[in-house]
Amino acid sequence: MSLIAFLIVGLIAGWLAGLIMRGHGLGILGDVIVGVIGAFIGGFVFSLLGVATGGWLGWILTALVGAVILLFIVNLFTGFSGRRAIHH
């Protein structure tokens, strides 16, 4: 995969993970960083489980799973979910 393709996959996966875990994206740079790190985490986890993916959808799915894991771990240590409390 080319560097540009890797960054595009990271951007998409990071943005989706931000929506899933925080209710909003993390900004372009934050989405790319989370997605790229997530791609490595997802690839590692999938290799441990014996799961193989391919193509754009597989790459995005792998990076998304890793990015969600990354944000979950970050939320555990920071105690911040990013979601705003609703006050009545």
Side-chain angles (χ1 to χ4, degrees):
M1 177 182 335
S2 72
L3 178 61
I4 299 297
F6 194 68
L7 293 177
I8 290 170
V9 167
L11 175 63
I12 294 168
W15 174 71
L16 289 172
L19 290 177
I20 291 168
M21 295 299 293
R22 304 184 84 169
H24 58 83
L26 307 168
I28 291 175
L29 184 60
D31 288 342
V32 169
I33 291 170
V34 167
V36 167
I37 294 171
F40 288 106
I41 294 170
F44 177 72
V45 169
F46 278 17
S47 71
L48 288 177
L49 299 174
V51 176
T53 61
W56 281 93
L57 189 57
W59 297 332
I60 292 170
L61 178 64
T62 302
L64 173 61
V65 168
V68 167
I69 291 170
L70 174 64
L71 290 178
F72 178 78
I73 292 169
V74 167
N75 290 342
L76 281 178
F77 285 103
T78 64
F80 178 72
S81 69
R83 295 184 189 263
R84 294 192 172 123
I86 298 174
H87 299 284
H88 296 282

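Note that the numbering runs from 1 along the sequence shown for the chain.
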**Asked** Partners of Phe72 by ring-ring contact (aromatic ring centres under 6.0 Å, His included), sequence neighbours excluded?
**Response**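 Per chain and number, Phe72 pairs via ring-ring contact (aromatic ring centres under 6.0 Å, His included) with no residue.
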**Request:** Give every residue pair that meets the ring pair (Phe, Tyr, Trp, His ring centres under 6.0 Å) criterion with at least one member in residues 30-52, sequence neighbours excluded.
**Result:**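 Listed by first then second residue: Phe6-Phe40.
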**Pairs meeting criterion ring pair (Phe, Tyr, Trp, His ring centres under 6.0 Å) with involvement of residues 50-69, two or more places apart** =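 Checked against ring pair (Phe, Tyr, Trp, His ring centres under 6.0 Å) - neighbours excluded - the pairs reaching residues 50-69 are Trp56-Trp59.
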**Request:** Please say whether more than 12 non-hydrogen atoms of neighbouring residues, nucleotides or ligands are located less than 6.0 Å from CG in Leu7.
**Result:**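 Yes - once you tally the heavy atoms of other residues, nucleotides and ligands closer than 6.0 Å, there are more than 12.
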**Prompt:** Under 6.0 Å from the CG atom of Leu57, do we count more than 12 heavy atoms belonging to anything else shown?
**Reply:**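 Not buried by this count: 12 neighbours or fewer within 6.0 Å.
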**Request:** Check side chain to side chain donor-acceptor pair (under 3.5 Å) between Thr53 and all other residues, then give those that pass, not counting sequence neighbours.
**Result:**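 Here the qualifying residues are Thr62.
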**Asked** Do Val34 and Val74 have side chains that get closer than 4.5 Å, going by heavy atoms?
**Response**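 The answer is no, as the side chains (C-beta and beyond) never meet within the 4.5 Å cut-off.
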**Asked** Quick one: side-chain contact (heavy atoms from CB on, under 4.5 Å) partners of Ile33, sequence neighbours excluded?
**Response**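 For Ile33 the side-chain contact (heavy atoms from CB on, under 4.5 Å) partners, ignoring immediate neighbours, are Leu29, Ile37.
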**Prompt:** In chain order, what residues pass the side-chain contact (heavy atoms from CB on, under 4.5 Å) check against Ile12, with sequence neighbours excluded?
**Reply:**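 Result, side-chain contact (heavy atoms from CB on, under 4.5 Å) vs Ile12: Ile8, Leu16, Ile60.
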**Request:** Considering non-hydrogen atoms only, spot the tightest contact between Ala13 and Ala67 and give its length.
**Result:**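 So the minimum-distance heavy-atom pair works out to O-CB, 4.2 Å.
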